[in-house]
*Asks:* 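Quick one: the structure is below, questions incoming.
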Amino acid sequence: CGPGAGRTPSSRGAGTAPSAATSAARGVTRTATAPRRPPRNHPVVRPTTMLAGVLVVLALTVVPMLRPWIAQRQELAAQQQEVSDLRRSVAELTAERDRWKDPAYVKAQAGERLNFVMPGQTRYTLLDDEGAASTDRDPRTSAAAAATDGGRRPWYGAIWESARTAGREDG
C-alpha cells in the first residue's frame, strides 16, 4: 500500500497538470492561444433580472389604472372647490336674509331704492350733479336727456319716462 495504491492510471500525477484524458472527459479543450474564461457564476444577475421582470409586470398592471385615478382625483378636487363656493354663497345669502329680517334695514332699502319716506319726513332729490335747475321744459328734449343720463336714474324712472313719451306722435 504505497503512495500510489488505489489510484487509477489516469489519476496518477494529480498534482501535475491534467492529462488529455481528464480534459477530454470534462469536455474542455485547451488551446495554447485561447485565454482562460472566468466562471459564469454571477450571484447578482439572476435576482436582478427577476426583480426587473416583476417591476415590468407590476408597471403593466398599474399604468392602465393610473389615468382614471388621476382623472377622478382632479374631478374630486373640482367638486370640493364647487362645494366650498356653494357654501360661501349660502353663507352670503343667509347673511342677506338676516339683514332683510331687520325692520331698520328694510326701511333704509325702501328709502334708498324706491325713494320712500316715512309719514312726516321730507325727501329731497337732486336732479343734476351741478345743483342748477334745468330750464328746458320741452318734454321731447327732456326725455332724450333722460335717456342719455348714463343709467343714473332708477329703473322705475326710466319706465315712467318711456311710458310718458310712448304715446306722442312726434317723439
Side-chain angles (χ1 to χ4, degrees), residues 27 33-171:
T33 58
R36 184 174 177 178
R37 284 196 225 167
R40 291 186 152 203
N41 189 8
H42 298 312
V44 178
V45 172
R46 180 174 255 174
T48 304
T49 305
M50 290 179 66
L51 181 63
V54 168
L55 289 177
V56 166
V57 169
L58 184 64
L60 291 175
T61 57
V62 169
V63 167
M65 293 180 239
L66 195 60
R67 180 176 288 151
W69 181 76
I70 291 172
Q72 287 175 354
R73 296 297 295 178
Q74 290 174 345
E75 185 177 340
L76 180 64
Q79 294 295 327
Q80 287 174 343
Q81 180 65 35
E82 185 178 350
V83 166
S84 68
D85 291 343
L86 288 174
R87 284 187 178 158
R88 188 176 321 110
S89 175
V90 165
E92 290 171 2
L93 290 172
T94 303
E96 184 177 350
R97 183 192 66 198
D98 293 340
R99 281 192 306 262
W100 279 102
K101 286 181 180 179
D102 183 20
Y105 182 77
V106 172
K107 287 179 187 176
Q109 290 300 312
E112 182 181 320
R113 293 182 182 189
L114 304 174
N115 291 327
F116 285 176
V117 292
M118 294 300 290
Q121 291 180 340
T122 305
R123 176 170 223 123
Y124 296 100
T125 304
L126 183 62
L127 297 178
D128 60 355
D129 291 338
E130 290 84 30
S134 176
T135 58
D136 186 14
R137 297 290 179 202
D138 185 16
R140 287 176 293 193
T141 47
S142 61
T148 61
D149 70 345
R152 292 184 312 221
R153 202 163 20 148
W155 62 271
Y156 54 86
I159 291 175
W160 178 253
E161 194 63 38
S162 175
R164 277 187 30 203
T165 59
R168 296 198 179 117
E169 294 176 15
D170 52 291

*Asks:* State whether the side chain of T94 and the backbone N or O of V90 hold a donor-acceptor pair below 3.5 Å, judged by distance alone.
*Replies:*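 Judged by distance alone, yes, a pair lies under 3.5 Å.
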*Asks:* State, to 0.1 Å, how close W100 and V106 come at their nearest heavy-atom pair, and which atoms those are.
*Replies:*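 Between these two residues, the closest heavy atoms are O-CG2, 3.2 Å.
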*Asks:* Test Q80 against V83 for side chain to side chain contact (heavy atoms under 4.5 Å, CB included), laying out the working first.
*Replies:* CA-CA 5 Å; Q80 287 174 343; V83 166; 5.6 Å; no
*Asks:* Tell me whether R123 at atom CZ has more than 12 heavy atoms from other residues, nucleotides or ligands lying less than 6.0 Å away.
*Replies:*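 Result for CZ/R123: enclosed.
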*Asks:* For the atom pair CD (E161) and OH (Y156), what is the distance rounded to the nearest 0.5 Å?
*Replies:*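 Going from the CD atom of E161 to the OH atom of Y156 covers 13.5 Å.
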*Asks:* At what distance, to the nearest 0.5 angstrom, does CD of E75 lie from CD of E82?
*Replies:*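 Between E75 CD and E82 CD, I get 10.5 Å after rounding to 0.5 Å.
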*Asks:* Please round to the nearest 0.5 Å and tell me the distance separating atom CD of E96 and atom OH of Y105.
*Replies:*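 Rounded to the nearest 0.5 Å, the CD-OH separation comes to 6.0 Å.
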*Asks:* Search all heavy atoms of A59 against all heavy atoms of P64 and return the closest pair with its distance.
*Replies:*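 A59 and P64 have their closest heavy atoms at O-CD, 4.3 Å.
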*Asks:* So that I can tick it off, tell me whether R88 and D85 are bridged by a salt bridge, with the cut-off set at under 4.0 angstrom between side-chain N and carboxylate O.
*Replies:*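 The answer is yes: the pair qualifies as a salt bridge.
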*Asks:* Around atom CD of Q121, are there more than 12 heavy atoms of other residues, nucleotides or ligands at under 6.0 Å?
*Replies:*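 Yes, CD of Q121 has more than 12 neighbouring heavy atoms, counting only those of other groups under 6.0 Å.
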*Asks:* What distance do Q74 atom CD and I70 atom CD1 have between them, rounded to the nearest 0.5 Å?
*Replies:*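 One gets 7.5 Å once the value is rounded to the nearest 0.5 Å.
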*Asks:* Please report the interatomic distance CG(D102) to CD(Q109), rounded to the nearest 0.5 Å.
*Replies:*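 Rounded to the nearest 0.5 Å, the CG-CD separation comes out at 11.0 Å.
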*Asks:* What distance do L66 atom CG and T61 atom OG1 have between them, rounded to the nearest 0.5 Å?
*Replies:*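 Atom-to-atom, L66:CG and T61:OG1 are 11.0 Å apart.
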*Asks:* If you draw a 6.0 Å radius around CH2 in W160, do more than 12 non-hydrogen atoms from other residues or ligands fall strictly inside?
*Replies:*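 No - once you tally the heavy atoms of other residues, nucleotides and ligands closer than 6.0 Å, there are 12 at most.
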